[in-house]
Amino acid sequence: MSQTLQSVRGMNDILPDEAEFWEIFEETVRSWLKCYGYRPIRMPIVEPTPLFKRAIGEVTDIVEKEMYSFEDSLNGEHLTLRPEGTAGCVRALIQHNLAAQHPRRLYYMGQMFRHERPQKGRYRQFHQVGVEAFGFAGPDIDAEMILMGARLWGDLGLDGIELQINSLGQPEERAQHRAALIAYFEQHVDMLDDDARRRLHTNPLRILDTKNPALQDLCANAPKLIDYLGPESLAHFEGVQRVLRDAGQAFTVNPRLVRGLDYYNLTVFEWVTDRLGAQGTVCAGGRYDGLVNQLGGKPTPACGFAMGVERLIALIQEAGGAPASPAPDVYLVHQGENASRLAFRVAEGLRDQGLNVLLHCGGGSFKSQMKKADASGATFAVVIGDDEAATGEAQLKALREEGVAQRKLKVDDLAEAIIGQLIDSDEEE
RNA sequence: GCGGCAUUAGCUCAGUCGGUAGAGCACUGGAUUGUGAUUCCAGGUGUCACCGGUUCGAUCCCGGUAUGUCGCCCCA
């Protein structure tokens with residue numbers, strides 16, 4: 001295979017068999033969002049680089065080493081392929097003053113770009129469904145968003161996706177905890193491994209995630225974020241949990257659940273699976289009350305989450321949920337000049353009646369055309385040769401039923417006969 | 001970005017202790033020149049990922065690159 005004509009590493013073609021599956025997935029997702037009152041929004045894939053630096057945080061992995069950033073050679077602007085959707089969505093909200101009159105429930109789906117090393121469930125171009133709600137301050141919207149996920153897993157036929165939640169508190173609470181945590185680990189710096197020392201001043205919360213058994217006791221006794229939450233933060237977190245309990249939604253409070261983006265506060269949550277190897281998170285999000293104001297908008301409470309489409313589709317396929325690709329109703333076989341001219345008219349006429357028609361193209365013997373008709377999965381073959389063309393007739397042959405004779409019909413009667421038989425066979429099932 | 005493993009026909013894979021390769025499926029054509037699925041016959045499948053090294057000779061051994069995969073980091 002040529003080395004030069006390949007897709008960019010980590011950016012994949014989605015071929016017809018899989019693309020059909022994606023379309024079904026997207027239809028399911030859209031009707032699910034609609035039933036919660038979410039409305040679509042579409043933002044550009046490219047945004048000014050400073051937007052992401054300000055929204056996501058300068059010292060995050062995403063901004064520091066994963067963004068596809070470039071300078072527009074025509075005017076020198078610093079641009080970036082979006083690594084996530086929330087920043088652009090908030091930018092659009094502010095730019096068009098969308099939350100001025102009333103709260104907004106918005107969603108989008110599309111490509112995101114992060115320069116990471118690809119592996120299963122992680123790609124450089126990947127797709128997210130993003131769901132954002134603006135103007136709701138209470139814990140009810142957090143809980144609704146979490147419960148939405150549970151419904152979608154059901155709609156998609158998925159089980160075994162578990163819910164983890166946590167509260168990050170408000171920025172000042174988190175800052176106090178962070179300072180206490182750093183102080184604690186600095187006291188015991190001799191016990192830390194290299195990994196933990198590296199994280200000490202970049203992301204001390206991540207130290208608590210260590211897989212090193214020697215650090216377990218040290219981490220267990222570290223200052224806990226929940227002890228730094230004020231009464232309002234605690235009440236908000238309890239409010240979310242109350243709705244989840246009322247709904248019978250099982251969850252785990254994971255005090256080590258932190259998000260990789262700086263803008264989160266209060267509620268954060270993740271839906272995780274153990275069936276996708278190292279990429280266990282299929283959906284994650286939380287509250288980000290400060291972001292709209294931070295990016296220049298009026299203070300607006302906000303909450304949102306994103307789902308990894310590739311990961312969800314991998315899960316569905318692993319669960320055996322691959323649907324059959326749609327077969328045409330009719331494959332139109334024809335041979336001879338007059339027959340071919342009639343065939344075009346017949347095919348369009350059948351399509352006028354709402355039928356899916358595959359018109360044979362490329363010539364070939366009747367035998368080879370019939371083979372293609374069978375391979376297409378079509379319910380019927382319609383055969384037009386010069387004999388039929390001369391009388392304005394066509395042969396109608398049922399390909400999926402035993403012992404049904406081929407019939408010769410006037411071409412004007414074809415659609416009615418085909419639709420009638422399709423309805424009959426539907427009723428039998 | 002770091003480490004392990006992998007890469008042979010369109011697909012799934014075998015194989016050569018170093019002498020340029022096979023199977024199944026799929027595909028194409030044929031079995032009374034107007035009829036598919038089953039059957040029978042015939043047929044092409046290919047820079048053995050790419051580049052270089054060792055060798056009389058490399059698909060096989062060695063090195064690098066690309067891509068995939070598993071794990072780490074991180075994340076959807």
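Just so it is clear, the values below take in all heavy atoms, side chains as well, and ignore hydrogens, waters and symmetry mates. Chain naming here is simple, since letters A, B, ... match the order of the sequence lines and numbering starts at 1 in each.
- The CD atom of Q369(A) sits 12 Å away from the P atom of U35(B) (whole-angstrom rounding).
- One donor-acceptor pair, N or O on each side, does fall under 3.5 Å between the base of G3(B) and the side chain of R117(A).
- The base-pairing partner of C2(B), taking Watson-Crick or G-U wobble contacts with both distances under 3.5 Å, is G71(B).
- Checked against A66(B), G68(B), A76(B), the side chain of A284(A) finds its nearest nucleotide in A76(B).
- The minimum heavy-atom distance linking S233(A) with E173(A) is given by the pair OG-OE1, 2.8 Å.
- Between W22(A) and H127(A), the ring planes are perpendicular. Angles over 60° get that label, and only those under 30° would be called parallel.
- Across all strands shown, G18(B) forms no Watson-Crick or G-U wobble pair with both distances under 3.5 Å.
- Rounded to an integer number of Å, the gap from CD of Q6(A) to P of C50(B) is 11 Å.
- A side chain to side chain contact (heavy atoms under 4.5 Å, CB included) with H334(A) is found for one member of L359(A), D386(A), V383(A) and no other, namely L359(A).
- Residue-level contact check: G280(A) touches neither bases nor backbone, having no heavy atom under 4.0 Å from any strand.
- For E84(A) and Q128(A), the side-chain atoms include no donor-acceptor pair closer than 3.5 Å.
- Both V258(A) and G10(A) sit near RNA chain B, but only G10(A) has its closest nucleotide nearer the 5' end.
- Pairing for A37(B) is absent, with no Watson-Crick or G-U wobble pair whose two atom distances lie under 3.5 Å.
- The residue G121(A) sits close to a base: some heavy atom pair falls under 4.0 Å.
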Pairs under 3.5 angstrom, nitrogen or oxygen only, protein versus nucleotides 28-32 of chain B, please.
none

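- A donor-acceptor contact shorter than 3.5 Å links the side chain of R197(A) to the backbone of L192(A).
- Neither OP1 nor OP2 of A76(B) sits under 4.0 Å from any side-chain N or O of R311(A).
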Pair Q369(A)-Y331(A), side-chain hydrogen bond (donor to acceptor under 3.5 Å, both in side chains): steps then yes or no: CA-CA 9 Å; Q369(A) 293 193 34; Y331(A) 193 101; over 6 Å; no
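- Contact annotation: side chain of R122(A) to base of C74(B), donor-acceptor pair present below 3.5 Å.
- Pair assignment for U54(B): none, as no Watson-Crick or G-U wobble contacts are both less than 3.5 Å.
- When the nucleotides C75(B), G34(B), G68(B) are ranked by their closest atom to the side chain of T281(A), C75(B) comes out on top.
- Contact check on R91(A) versus E47(A) returns a salt bridge, with a Lys/Arg side-chain nitrogen under 4.0 Å from an Asp/Glu carboxylate oxygen.
- At the heavy-atom level, Q111(A) lies nowhere under 4.0 Å from the strands shown.
- With U67(B), G36(B), A76(B) as the choices, the nucleotide that has an atom nearest any side-chain atom of K397(A) turns out to be G36(B).
- If you check every strand for non-hydrogen atoms under 4.0 Å, K65(A) touches nothing.
- Residue contacts for F380(A): at a heavy-atom cut-off of 4.0 Å it reaches no nucleic acid atom on any strand shown.
- Taking the six-membered ring for Trp and thresholds of 30 and 60 degrees, H188(A) and Y184(A) have ring planes inclined between 30 and 60 degrees apart.
- Nearest nucleotide to the side chain of R114(A), out of G36(B), C70(B), A76(B): A76(B).
- Looking at which nucleotide of RNA chain B each of D386(A) and F126(A) is closest to, the 5′-most match is held by D386(A).
- Distance Q119(A) CD to G68(B) C1': 11 Å, rounded to the nearest Å.
- Residue contacts for Q395(A): at a heavy-atom cut-off of 4.0 Å it reaches a base atom on one of the strands shown.
- Here Q406(A) lies in heavy-atom contact (under 4.0 Å) with a base.
- Using N1 to N3 plus N6-O4 or O6-N4 for Watson-Crick, or N1-O2 and O6-N3 for G-U wobble, each under 3.5 Å, A42(B) pairs with U28(B).
- Checking side-chain atoms of R122(A) against main-chain N and O of Q279(A) turns up no donor-acceptor pair under 3.5 Å.
- Residue R9(A) places its side chain closer to U67(B) than to any other of U67(B), C75(B), C74(B).
- Among C70(B), C75(B), G36(B), the nucleotide with an atom closest to any side-chain atom of R400(A) is G36(B).
- The residue V383(A) sits close to a base: some heavy atom pair falls under 4.0 Å.
- Among the nucleotides U67(B), C72(B), G68(B), the one closest to the side chain of P118(A) is G68(B).
- In this structure, U59(B) forms no base pair with any nucleotide, since neither Watson-Crick nor G-U wobble geometry is met with both distances under 3.5 Å.
- Base-pair partner of U7(B): A66(B) (Watson-Crick or G-U wobble, both distances under 3.5 Å).
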